[in-house]
S.K.: 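Before anything else, here's the structure in question.
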Protein chains: 2
Amino acid sequence: MSRPTKHAPERGNARTRLLEAARDIIREKGFAATSVEDLCKAADVTKGAFFHHFASKEALGVAVAEFWAETTTAYFAAAPYHAPDDALARILAYVAFRKAIITGALKDFTCLVGTMAQEVHASAPDIRDACGRSIFGHTATLEADIETARRERGITADWSAESLARHMQAVLQGGFVLAKAGNDPVLARESLDHLERYIRHLFNAMEDDAHDENDPDRLRLRTDAP
Amino acid sequence: MSRPTKHAPERGNARTRLLEAARDIIREKGFAATSVEDLCKAADVTKGAFFHHFASKEALGVAVAEFWAETTTAYFAAAPYHAPDDALARILAYVAFRKAIITGALKDFTCLVGTMAQEVHASAPDIRDACGRSIFGHTATLEADIETARRERGITADWSAESLARHMQAVLQGGFVLAKAGNDPVLARESLDHLERYIRHLFNAMEDDAHDENDPDRLRLRTDAP
DNA sequence: GTTAACATACCATACGGTCGGTATGTGTCA
DNA sequence: TGACACATACCGACCGTATGGTATGTTAAC
(Lines give C-alpha, C1' and ligand atoms only; values in the text may rest on other atoms or scores of the structure.)
Protein backbone atom coordinates (compact mmCIF):
# COMPACT_ATOMS: atom_id res chain seq x y z
CA MET A 1 0.00 0.00 0.00
CA SER A 2 1.19 3.46 -1.00
CA ARG A 3 4.82 2.47 -0.89
CA PRO A 4 6.69 5.74 -0.57
CA THR A 5 9.75 5.96 -2.75
CA LYS A 6 12.99 7.38 -1.53
CA HIS A 7 12.12 10.62 -3.29
CA ALA A 8 8.55 10.77 -2.08
CA PRO A 9 8.59 9.58 1.50
CA GLU A 10 5.35 11.32 2.39
CA ARG A 11 4.83 9.23 5.52
CA GLY A 12 8.45 9.27 6.56
CA ASN A 13 10.48 6.13 6.06
CA ALA A 14 9.62 2.81 7.63
CA ARG A 15 12.45 2.95 10.12
CA THR A 16 11.34 6.25 11.60
CA ARG A 17 7.71 5.19 11.66
CA LEU A 18 8.68 2.02 13.50
CA LEU A 19 10.69 4.00 16.04
CA GLU A 20 7.82 6.39 16.67
CA ALA A 21 5.40 3.49 17.05
CA ALA A 22 7.83 1.76 19.41
CA ARG A 23 8.18 4.91 21.50
CA ASP A 24 4.42 5.22 21.93
CA ILE A 25 3.48 1.58 22.37
CA ILE A 26 6.34 0.58 24.64
CA ARG A 27 5.59 3.55 26.88
CA GLU A 28 2.10 2.21 27.27
CA LYS A 29 2.53 -1.56 27.36
CA GLY A 30 6.18 -2.08 28.19
CA PHE A 31 8.85 -3.69 26.06
CA ALA A 32 8.16 -7.39 26.56
CA ALA A 33 4.41 -7.00 26.10
CA THR A 34 4.93 -5.19 22.81
CA SER A 35 5.17 -7.62 19.91
CA VAL A 36 6.91 -6.79 16.69
CA GLU A 37 3.60 -7.35 14.97
CA ASP A 38 2.07 -4.65 17.16
CA LEU A 39 4.78 -2.34 15.94
CA CYS A 40 4.42 -3.31 12.30
CA LYS A 41 0.68 -2.76 12.43
CA ALA A 42 1.04 0.63 14.08
CA ALA A 43 3.74 1.72 11.65
CA ASP A 44 1.86 0.19 8.73
CA VAL A 45 4.78 -1.88 7.52
CA THR A 46 5.40 -5.58 7.20
CA LYS A 47 7.62 -7.84 9.20
CA GLY A 48 10.02 -7.93 6.32
CA ALA A 49 10.54 -4.21 6.68
CA PHE A 50 10.99 -4.52 10.41
CA PHE A 51 13.76 -7.07 10.17
CA HIS A 52 15.32 -5.24 7.29
CA HIS A 53 15.91 -2.24 9.56
CA PHE A 54 16.47 -4.00 12.87
CA ALA A 55 18.40 -7.22 13.35
CA SER A 56 16.18 -8.25 16.25
CA LYS A 57 13.57 -6.98 18.64
CA GLU A 58 16.35 -6.22 21.10
CA ALA A 59 18.15 -4.14 18.48
CA LEU A 60 14.94 -2.18 18.06
CA GLY A 61 14.97 -1.61 21.80
CA VAL A 62 18.44 -0.13 21.65
CA ALA A 63 17.47 1.99 18.66
CA VAL A 64 14.37 3.50 20.33
CA ALA A 65 16.40 4.38 23.38
CA GLU A 66 18.85 6.21 21.13
CA PHE A 67 16.01 7.76 19.18
CA TRP A 68 14.55 8.94 22.48
CA ALA A 69 17.86 10.40 23.54
CA GLU A 70 18.17 12.36 20.31
CA THR A 71 14.63 13.73 20.23
CA THR A 72 14.50 14.68 23.91
CA THR A 73 17.90 16.32 23.74
CA ALA A 74 16.64 18.55 20.95
CA TYR A 75 13.37 19.11 22.76
CA PHE A 76 14.99 20.26 26.00
CA ALA A 77 17.61 22.30 24.23
CA ALA A 78 14.80 24.30 22.63
CA ALA A 79 12.75 24.60 25.82
CA PRO A 80 12.18 27.98 27.46
CA TYR A 81 13.75 27.21 30.84
CA HIS A 82 17.19 28.30 29.64
CA ALA A 83 16.07 31.92 29.33
CA PRO A 84 16.71 33.39 32.80
CA ASP A 85 20.03 35.10 33.37
CA ASP A 86 20.33 33.74 36.87
CA ALA A 87 21.53 30.13 37.07
CA LEU A 88 19.30 29.22 40.01
CA ALA A 89 16.34 30.71 38.20
CA ARG A 90 17.14 28.43 35.27
CA ILE A 91 17.20 25.41 37.54
CA LEU A 92 13.87 26.32 39.10
CA ALA A 93 12.49 27.04 35.65
CA TYR A 94 13.56 23.56 34.61
CA VAL A 95 11.59 22.03 37.47
CA ALA A 96 8.60 24.23 36.64
CA PHE A 97 8.89 23.19 33.01
CA ARG A 98 8.98 19.51 33.86
CA LYS A 99 5.95 20.01 36.05
CA ALA A 100 4.10 21.92 33.34
CA ILE A 101 4.50 19.19 30.76
CA ILE A 102 2.98 16.57 33.05
CA THR A 103 -0.55 16.73 31.69
CA GLY A 104 -2.95 14.50 29.86
CA ALA A 105 -2.55 10.76 29.56
CA LEU A 106 0.27 8.87 31.25
CA LYS A 107 1.65 7.63 27.97
CA ASP A 108 2.12 11.20 26.81
CA PHE A 109 4.38 12.42 29.59
CA THR A 110 6.09 9.40 31.12
CA CYS A 111 9.63 8.41 30.31
CA LEU A 112 10.33 5.70 27.75
CA VAL A 113 13.86 4.93 28.85
CA GLY A 114 12.97 4.88 32.54
CA THR A 115 10.23 2.39 31.83
CA MET A 116 12.43 0.24 29.62
CA ALA A 117 15.44 0.33 31.93
CA GLN A 118 13.36 -0.86 34.85
CA GLU A 119 11.92 -3.69 32.82
CA VAL A 120 14.91 -5.06 30.95
CA HIS A 121 17.82 -4.09 33.17
CA ALA A 122 18.72 -7.70 33.88
CA SER A 123 17.69 -9.45 30.69
CA ALA A 124 18.90 -7.01 28.03
CA PRO A 125 22.04 -5.15 29.11
CA ASP A 126 22.38 -3.46 25.72
CA ILE A 127 18.98 -1.82 26.04
CA ARG A 128 19.63 -0.98 29.66
CA ASP A 129 22.89 0.74 28.81
CA ALA A 130 21.29 2.73 26.00
CA CYS A 131 18.61 3.84 28.45
CA GLY A 132 21.27 4.73 30.98
CA ARG A 133 23.10 6.87 28.43
CA SER A 134 19.87 8.71 27.66
CA ILE A 135 19.02 9.34 31.31
CA PHE A 136 22.45 10.32 32.54
CA GLY A 137 23.18 12.27 29.39
CA HIS A 138 20.17 14.39 30.25
CA THR A 139 21.09 14.84 33.91
CA ALA A 140 24.53 15.99 32.81
CA THR A 141 22.98 18.94 30.99
CA LEU A 142 21.82 20.31 34.36
CA GLU A 143 25.16 20.18 36.10
CA ALA A 144 26.66 23.37 34.73
CA ASP A 145 23.77 25.51 35.96
CA ILE A 146 23.86 23.85 39.36
CA GLU A 147 27.58 24.46 39.67
CA THR A 148 27.22 28.07 38.56
CA ALA A 149 24.37 28.72 40.95
CA ARG A 150 26.38 27.31 43.79
CA ARG A 151 29.33 29.52 43.04
CA GLU A 152 27.15 32.59 42.49
CA ARG A 153 25.45 32.08 45.81
CA GLY A 154 28.57 31.10 47.68
CA ILE A 155 27.13 27.80 48.81
CA THR A 156 29.59 25.40 50.40
CA ALA A 157 27.85 22.10 50.09
CA ASP A 158 28.40 18.48 50.98
CA TRP A 159 26.68 17.44 47.78
CA SER A 160 27.93 17.50 44.20
CA ALA A 161 26.21 19.10 41.22
CA GLU A 162 26.22 15.68 39.64
CA SER A 163 24.39 14.06 42.51
CA LEU A 164 21.78 16.82 42.69
CA ALA A 165 21.14 16.55 38.96
CA ARG A 166 20.64 12.83 39.36
CA HIS A 167 18.41 13.35 42.35
CA MET A 168 16.21 15.65 40.30
CA GLN A 169 15.89 12.90 37.74
CA ALA A 170 15.13 10.36 40.46
CA VAL A 171 12.28 12.51 41.73
CA LEU A 172 10.88 12.69 38.21
CA GLN A 173 11.17 8.98 37.62
CA GLY A 174 9.71 8.18 41.02
CA GLY A 175 6.86 10.57 40.35
CA PHE A 176 6.10 8.70 37.15
CA VAL A 177 6.01 5.41 39.02
CA LEU A 178 3.58 6.76 41.61
CA ALA A 179 1.48 8.37 38.90
CA LYS A 180 1.19 5.01 37.18
CA ALA A 181 0.49 3.09 40.38
CA GLY A 182 -2.17 5.59 41.43
CA ASN A 183 -3.28 6.28 37.87
CA ASP A 184 -3.11 10.02 38.50
CA PRO A 185 -0.66 12.56 37.06
CA VAL A 186 -1.08 14.75 40.14
CA LEU A 187 1.13 12.30 42.00
CA ALA A 188 4.03 13.16 39.70
CA ARG A 189 3.52 16.91 39.94
CA GLU A 190 3.25 16.73 43.72
CA SER A 191 6.79 15.44 44.09
CA LEU A 192 8.12 18.20 41.88
CA ASP A 193 6.73 20.71 44.37
CA HIS A 194 8.82 19.07 47.05
CA LEU A 195 11.81 19.07 44.74
CA GLU A 196 11.41 22.77 44.08
CA ARG A 197 11.21 23.44 47.82
CA TYR A 198 14.32 21.35 48.40
CA ILE A 199 16.30 23.25 45.81
CA ARG A 200 15.25 26.57 47.28
CA HIS A 201 16.35 25.38 50.69
CA LEU A 202 19.70 24.26 49.32
CA PHE A 203 20.34 27.68 47.80
CA ASN A 204 18.85 29.71 50.66
CA ALA A 205 16.25 31.01 48.25
CA MET A 206 13.03 30.25 50.09
CA GLU A 207 11.77 33.78 49.58
CA ASP A 208 12.74 34.39 45.94
CA ASP A 209 9.99 34.58 43.44
CA ALA A 210 11.53 32.65 40.62
CA HIS A 211 8.32 31.63 38.97
CA ASP A 212 9.30 31.39 35.37
CA GLU A 213 6.90 31.99 32.55
CA ASN A 214 6.77 28.75 30.65
CA ASP A 215 4.67 29.84 27.76
CA PRO A 216 1.78 27.35 27.67
CA ASP A 217 1.81 27.28 23.90
CA ARG A 218 5.36 26.11 23.80
CA LEU A 219 4.61 23.35 26.27
CA ARG A 220 2.14 21.50 24.09
CA LEU A 221 4.51 18.88 22.87
CA ARG A 222 4.25 15.17 22.76
CA THR A 223 7.52 13.70 23.90
CA ASP A 224 9.04 13.91 27.31
CA ALA A 225 12.33 13.64 29.10
CA PRO A 226 14.72 10.75 29.42
CA MET B 1 8.78 -35.57 43.48
CA SER B 2 8.62 -35.22 47.24
CA ARG B 3 4.99 -34.25 47.18
CA PRO B 4 4.43 -32.59 50.55
CA THR B 5 1.18 -33.57 52.17
CA LYS B 6 -1.05 -31.12 53.89
CA HIS B 7 0.38 -32.30 57.19
CA ALA B 8 3.99 -32.39 56.15
CA PRO B 9 4.50 -29.31 53.99
CA GLU B 10 8.23 -29.24 54.52
CA ARG B 11 8.76 -26.95 51.55
CA GLY B 12 5.75 -24.81 52.24
CA ASN B 13 2.71 -25.27 50.08
CA ALA B 14 2.74 -24.80 46.34
CA ARG B 15 0.86 -21.54 46.43
CA THR B 16 3.35 -19.88 48.75
CA ARG B 17 6.29 -21.24 46.81
CA LEU B 18 4.81 -19.89 43.61
CA LEU B 19 4.31 -16.48 45.18
CA GLU B 20 7.88 -16.39 46.43
CA ALA B 21 9.18 -17.44 43.04
CA ALA B 22 7.02 -14.81 41.38
CA ARG B 23 8.30 -12.14 43.73
CA ASP B 24 11.91 -12.95 42.94
CA ILE B 25 11.65 -13.61 39.21
CA ILE B 26 9.30 -10.75 38.35
CA ARG B 27 11.57 -8.35 40.21
CA GLU B 28 14.38 -9.44 37.96
CA LYS B 29 12.73 -9.96 34.59
CA GLY B 30 9.47 -8.07 34.83
CA PHE B 31 5.95 -9.45 34.66
CA ALA B 32 5.46 -9.98 30.94
CA ALA B 33 8.85 -11.59 30.45
CA THR B 34 8.18 -14.06 33.24
CA SER B 35 6.40 -17.15 31.93
CA VAL B 36 4.27 -19.36 34.12
CA GLU B 37 6.65 -22.16 33.27
CA ASP B 38 9.50 -20.12 34.69
CA LEU B 39 7.52 -19.86 37.88
CA CYS B 40 6.57 -23.53 37.96
CA LYS B 41 10.16 -24.57 37.48
CA ALA B 42 11.43 -22.23 40.19
CA ALA B 43 8.72 -23.32 42.61
CA ASP B 44 9.15 -26.96 41.60
CA VAL B 45 5.51 -27.50 40.81
CA THR B 46 3.62 -28.35 37.67
CA LYS B 47 1.35 -26.21 35.57
CA GLY B 48 -1.62 -28.04 36.97
CA ALA B 49 -0.73 -26.79 40.43
CA PHE B 50 -0.29 -23.27 39.14
CA PHE B 51 -3.72 -23.10 37.55
CA HIS B 52 -5.24 -24.84 40.50
CA HIS B 53 -4.22 -21.95 42.72
CA PHE B 54 -4.46 -19.06 40.26
CA ALA B 55 -7.16 -18.61 37.67
CA SER B 56 -4.76 -16.92 35.27
CA LYS B 57 -1.35 -15.34 35.05
CA GLU B 58 -2.97 -11.99 35.74
CA ALA B 59 -4.58 -13.37 38.90
CA LEU B 60 -1.11 -14.45 40.00
CA GLY B 61 0.01 -10.89 39.43
CA VAL B 62 -2.65 -9.54 41.72
CA ALA B 63 -1.83 -12.20 44.29
CA VAL B 64 1.91 -11.42 44.38
CA ALA B 65 1.16 -7.75 44.82
CA GLU B 66 -1.01 -8.61 47.81
CA PHE B 67 1.59 -11.07 49.07
CA TRP B 68 4.16 -8.30 48.80
CA ALA B 69 1.94 -5.90 50.70
CA GLU B 70 1.49 -8.38 53.54
CA THR B 71 5.11 -9.39 53.89
CA THR B 72 6.51 -5.88 53.64
CA THR B 73 3.97 -4.54 56.09
CA ALA B 74 5.13 -7.10 58.64
CA TYR B 75 8.76 -6.44 57.76
CA PHE B 76 8.54 -2.70 58.28
CA ALA B 77 6.40 -3.01 61.37
CA ALA B 78 9.18 -5.05 62.95
CA ALA B 79 11.99 -2.78 61.72
CA PRO B 80 14.08 -0.82 64.22
CA TYR B 81 13.30 2.64 62.92
CA HIS B 82 10.24 2.96 65.18
CA ALA B 83 12.39 2.98 68.30
CA PRO B 84 13.25 6.68 68.80
CA ASP B 85 10.97 8.68 71.08
CA ASP B 86 11.16 11.73 68.86
CA ALA B 87 8.90 11.62 65.82
CA LEU B 88 11.38 13.39 63.53
CA ALA B 89 14.08 10.99 64.66
CA ARG B 90 11.82 8.14 63.64
CA ILE B 91 11.33 9.64 60.19
CA LEU B 92 15.05 10.12 59.72
CA ALA B 93 15.62 6.62 61.04
CA TYR B 94 13.21 5.36 58.40
CA VAL B 95 15.22 7.00 55.66
CA ALA B 96 18.45 5.66 57.14
CA PHE B 97 16.90 2.22 57.33
CA ARG B 98 15.77 2.32 53.72
CA LYS B 99 19.25 3.39 52.75
CA ALA B 100 20.85 0.64 54.82
CA ILE B 101 18.89 -2.14 53.16
CA ILE B 102 19.97 -1.06 49.69
CA THR B 103 22.85 -3.48 49.31
CA GLY B 104 23.78 -6.42 47.16
CA ALA B 105 22.07 -7.27 43.92
CA LEU B 106 19.33 -5.13 42.42
CA LYS B 107 16.80 -7.93 42.60
CA ASP B 108 17.28 -8.12 46.36
CA PHE B 109 16.38 -4.56 47.24
CA THR B 110 14.21 -3.16 44.47
CA CYS B 111 10.46 -2.89 44.72
CA LEU B 112 8.24 -5.53 43.16
CA VAL B 113 5.08 -3.48 43.05
CA GLY B 114 6.83 -0.40 41.70
CA THR B 115 8.27 -2.48 38.88
CA MET B 116 4.97 -4.18 38.13
CA ALA B 117 2.89 -1.02 38.32
CA GLN B 118 5.13 0.72 35.83
CA GLU B 119 4.94 -2.19 33.45
CA VAL B 120 1.29 -3.18 33.52
CA HIS B 121 -0.45 0.04 34.52
CA ALA B 122 -2.30 0.29 31.23
CA SER B 123 -2.77 -3.36 30.28
CA ALA B 124 -3.72 -4.90 33.61
CA PRO B 125 -5.66 -2.47 35.83
CA ASP B 126 -6.27 -5.13 38.48
CA ILE B 127 -2.57 -5.67 39.01
CA ARG B 128 -1.93 -1.95 38.88
CA ASP B 129 -4.51 -1.28 41.58
CA ALA B 130 -3.13 -4.02 43.80
CA CYS B 131 0.32 -2.45 43.39
CA GLY B 132 -1.14 0.95 44.18
CA ARG B 133 -2.71 -0.34 47.38
CA SER B 134 0.62 -1.78 48.44
CA ILE B 135 2.57 1.40 47.74
CA PHE B 136 0.12 3.90 49.16
CA GLY B 137 -0.69 1.63 52.09
CA HIS B 138 2.97 1.82 52.97
CA THR B 139 3.26 5.58 52.56
CA ALA B 140 0.25 5.97 54.85
CA THR B 141 2.18 4.35 57.68
CA LEU B 142 4.57 7.31 57.65
CA GLU B 143 1.97 10.03 57.90
CA ALA B 144 1.35 9.90 61.64
CA ASP B 145 5.01 10.46 62.48
CA ILE B 146 5.26 13.30 59.98
CA GLU B 147 2.19 14.98 61.43
CA THR B 148 3.45 14.52 64.97
CA ALA B 149 6.87 15.87 64.12
CA ARG B 150 5.33 18.89 62.52
CA ARG B 151 3.21 19.65 65.56
CA GLU B 152 6.07 19.00 67.96
CA ARG B 153 8.31 21.37 66.07
CA GLY B 154 5.64 23.97 65.46
CA ILE B 155 6.14 23.88 61.70
CA THR B 156 3.51 25.69 59.70
CA ALA B 157 3.87 24.18 56.29
CA ASP B 158 2.37 24.48 52.85
CA TRP B 159 2.75 20.75 52.38
CA SER B 160 0.70 17.90 53.79
CA ALA B 161 2.01 14.89 55.68
CA GLU B 162 0.41 12.76 53.01
CA SER B 163 2.28 14.46 50.19
CA LEU B 164 5.61 14.27 52.00
CA ALA B 165 5.12 10.57 52.69
CA ARG B 166 4.40 10.04 49.01
CA HIS B 167 7.39 12.14 48.02
CA MET B 168 9.61 9.96 50.17
CA GLN B 169 8.28 6.95 48.31
CA ALA B 170 8.82 8.68 44.99
CA VAL B 171 12.47 9.30 45.82
CA LEU B 172 12.86 5.63 46.67
CA GLN B 173 11.18 4.47 43.50
CA GLY B 174 13.12 6.93 41.39
CA GLY B 175 16.33 5.82 43.03
CA PHE B 176 15.54 2.26 42.05
CA VAL B 177 14.99 3.30 38.45
CA LEU B 178 18.33 5.11 38.30
CA ALA B 179 20.06 2.22 40.03
CA LYS B 180 18.73 -0.12 37.37
CA ALA B 181 19.55 2.21 34.49
CA GLY B 182 23.07 2.76 35.78
CA ASN B 183 23.39 -0.76 37.17
CA ASP B 184 24.67 0.62 40.46
CA PRO B 185 22.95 0.63 43.86
CA VAL B 186 24.88 3.74 44.85
CA LEU B 187 22.53 5.73 42.62
CA ALA B 188 19.61 4.76 44.85
CA ARG B 189 21.40 5.55 48.10
CA GLU B 190 22.59 8.88 46.75
CA SER B 191 19.04 10.17 46.39
CA LEU B 192 18.20 9.14 49.92
CA ASP B 193 20.95 11.44 51.14
CA HIS B 194 19.22 14.31 49.38
CA LEU B 195 15.91 13.19 50.85
CA GLU B 196 17.36 13.18 54.34
CA ARG B 197 18.74 16.67 53.82
CA TYR B 198 15.39 17.87 52.53
CA ILE B 199 13.55 16.52 55.58
CA ARG B 200 16.04 18.16 57.92
CA HIS B 201 15.53 21.45 56.11
CA LEU B 202 11.76 21.12 56.37
CA PHE B 203 11.95 20.60 60.11
CA ASN B 204 14.73 23.11 60.74
CA ALA B 205 16.89 20.28 61.96
CA MET B 206 20.02 20.71 59.89
CA GLU B 207 22.23 20.50 62.98
CA ASP B 208 20.61 17.61 64.84
CA ASP B 209 22.50 14.39 65.07
CA ALA B 210 19.70 11.97 64.52
CA HIS B 211 21.85 9.10 63.29
CA ASP B 212 19.89 6.12 64.40
CA GLU B 213 21.44 2.82 65.22
CA ASN B 214 20.02 0.42 62.71
CA ASP B 215 21.54 -2.74 64.02
CA PRO B 216 23.34 -4.25 61.00
CA ASP B 217 22.29 -7.75 62.00
CA ARG B 218 18.66 -6.85 61.86
CA LEU B 219 19.07 -5.37 58.43
CA ARG B 220 20.14 -8.58 56.74
CA LEU B 221 16.78 -9.41 55.29
CA ARG B 222 15.74 -10.37 51.83
CA THR B 223 12.58 -8.52 51.01
CA ASP B 224 12.13 -4.84 50.61
CA ALA B 225 9.53 -2.14 50.64
CA PRO B 226 6.47 -1.62 48.50
C1' DG C 1 -17.19 -40.59 49.35
C1' DT C 2 -16.42 -36.05 48.77
C1' DT C 3 -13.10 -32.53 48.19
C1' DA C 4 -8.71 -30.11 47.96
C1' DA C 5 -4.29 -30.47 46.13
C1' DC C 6 -1.78 -31.58 43.06
C1' DA C 7 0.24 -34.13 38.35
C1' DT C 8 0.34 -35.12 33.21
C1' DA C 9 -0.77 -34.71 28.65
C1' DC C 10 -2.37 -31.93 25.46
C1' DC C 11 -4.09 -27.82 22.53
C1' DA C 12 -4.47 -23.49 19.90
C1' DT C 13 -2.27 -19.62 19.18
C1' DA C 14 1.03 -15.97 19.18
C1' DC C 15 5.51 -14.96 18.81
C1' DG C 16 10.31 -13.88 17.05
C1' DG C 17 12.65 -14.74 13.23
C1' DT C 18 13.80 -16.51 8.23
C1' DC C 19 13.66 -16.53 3.40
C1' DG C 20 12.89 -15.85 -1.43
C1' DG C 21 11.32 -12.40 -4.04
C1' DT C 22 10.31 -7.58 -6.24
C1' DA C 23 10.48 -2.70 -7.13
C1' DT C 24 13.29 1.23 -7.24
C1' DG C 25 17.34 3.99 -6.98
C1' DT C 26 22.55 4.59 -8.12
C1' DG C 27 27.09 4.30 -9.61
C1' DT C 28 29.93 3.42 -13.71
C1' DC C 29 31.89 2.65 -17.95
C1' DA C 30 31.88 2.05 -22.87
C1' DT D 1 23.52 8.36 -23.14
C1' DG D 2 22.23 4.05 -22.21
C1' DA D 3 22.90 -0.37 -20.33
C1' DC D 4 24.33 -3.23 -16.84
C1' DA D 5 25.61 -4.34 -11.98
C1' DC D 6 24.60 -3.68 -7.68
C1' DA D 7 22.41 -1.89 -3.43
C1' DT D 8 18.52 -0.49 -0.74
C1' DA D 9 13.88 -0.81 0.83
C1' DC D 10 10.36 -3.40 1.35
C1' DC D 11 6.81 -7.46 0.86
C1' DG D 12 4.43 -11.62 2.59
C1' DA D 13 4.47 -16.53 3.21
C1' DC D 14 6.40 -19.69 6.13
C1' DC D 15 8.70 -22.10 10.39
C1' DG D 16 9.79 -23.80 14.98
C1' DT D 17 9.04 -22.92 19.42
C1' DA D 18 7.19 -21.00 23.57
C1' DT D 19 3.23 -19.70 25.90
C1' DG D 20 -1.18 -19.36 28.43
C1' DG D 21 -4.61 -22.28 29.28
C1' DT D 22 -7.52 -26.81 29.55
C1' DA D 23 -9.09 -31.50 30.35
C1' DT D 24 -8.51 -35.40 32.76
C1' DG D 25 -6.40 -38.35 36.09
C1' DT D 26 -4.48 -39.44 40.80
C1' DT D 27 -3.55 -39.14 45.69
C1' DA D 28 -4.62 -38.35 50.33
C1' DA D 29 -6.95 -36.11 54.05
C1' DC D 30 -11.36 -35.48 56.39
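All values derive from a computational prediction rather than experimental measurement. Proteins get letters first, then strands, A, B, ... in listed order; numbering begins at 1 in each.
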S.K.: Whole-Å distance between D:dT24 P and B:K47 NZ?
M.R.: 17 Å
S.K.: Is a side-chain N or O of B:R189 found less than 3.5 angstrom from the main chain of B:K99, in a donor-acceptor match?
M.R.: no
S.K.: Tell me whether the rings of A:H138 and A:Y94 are parallel (<30°), tilted (30 to 60°) or perpendicular (>60°).
M.R.: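 Geometry flag for A:Y94 against A:H138: tilted rings.
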S.K.: Check whether any side-chain nitrogen or oxygen of A:H53 sits under 4.0 Å from OP1 or OP2 of D:dC10, and answer yes or no.
M.R.: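 Yes, within the criterion.
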S.K.: Name the orientation class of the two ring planes belonging to A:F176 and A:F109 (parallel below 30°, tilted from 30 to 60°, perpendicular beyond 60°).
M.R.: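 Geometry flag for A:F109 against A:F176: tilted rings.
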S.K.: Would you mind reading off the distance between A:F50 atom CZ and D:dT8 atom C1', rounded to a whole angstrom?
M.R.: 18 Å
S.K.: Ignoring the backbone of A:V36, work out which of C:dA7, D:dC11, C:dG16 is nearest its side chain.
M.R.: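 Looking only at side-chain atoms, A:V36 lies closest to C:dG16.
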S.K.: From the list C:dC15, D:dG20, C:dA4, which nucleotide is the closest neighbour of the side chain of A:S35?
M.R.: C:dC15
S.K.: Rounded to whole Å, please give me the gap between CZ in A:R17 and C1' in D:dA9.
M.R.: 11 Å
S.K.: Begin from the C-alpha positions of B:Y198 and A:R197 and carry the test side-chain hydrogen bond (donor to acceptor under 3.5 Å, both in side chains) through to its verdict.
M.R.: CA-CA 8 Å; B:Y198 175 51; A:R197 194 178 295 108; 3.0 Å; yes
S.K.: Between D:dA9 atom C1' and A:D44 atom CG, what is the distance in whole Å?
M.R.: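 One finds 15 Å between C1' of D:dA9 and CG of A:D44, rounded.
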S.K.: B:H52 side chain: which of C:dC6, C:dG17, D:dG12 is closest?
M.R.: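 That would be C:dC6.
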S.K.: Can you tell me which nucleotide in D:dC10, C:dA4, D:dG20 comes closest to the side chain of B:F51?
M.R.: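 Of D:dC10, C:dA4, D:dG20, D:dG20 is nearest to the side chain of B:F51.
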S.K.: For DNA chain C, whose closest nucleotide is more 5', that of A:D38 or that of A:G48?
M.R.: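 Per heavy-atom nearest nucleotide, the more 5' residue is A:D38.
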S.K.: Return yes if some donor-acceptor pair links the side-chain N/O of A:T72 with the main-chain N/O of A:Y75 below 3.5 Å, else return no.
M.R.: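 No; judged by distance alone, with no hydrogens or angles, the pair does not exist.
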S.K.: Which ones in residues 57-67 of chain B lie close to DNA chain D, meaning a heavy atom under 4.0 Å from one of its atoms?
M.R.: B:K57
S.K.: If I take atom CD1 in residue B:I25 and atom C1' in nucleotide D:dT19, what distance separates them, rounded to the nearest angstrom?
M.R.: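 In whole Å, D:dT19 C1' and B:I25 CD1 are 15 Å from each other.
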S.K.: Starting at CZ of A:R15 and ending at C1' of D:dC11, how long is that distance when rounded to a whole Å?
M.R.: 19 Å
S.K.: Check A:R27 with A:D108, please: is the shortest side-chain N to carboxylate O separation under 4.0 Å?
M.R.: no
S.K.: Can you list the steps and then say if A:H121 with A:F31 is a ring pair (Phe, Tyr, Trp, His ring centres under 6.0 Å)?
M.R.: CA-CA 11 Å; A:H121 74 278; A:F31 181 76; over 10 Å; no
S.K.: For A:K41 and D:dG12, give me the distance from atom NZ to atom P, rounded to whole Å.
M.R.: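 It works out to 14 Å between those atoms.
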S.K.: In whole angstrom, what separates B:N13's CG from D:dA28's P?
M.R.: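 Whole-Å distance recorded here is 18 Å.
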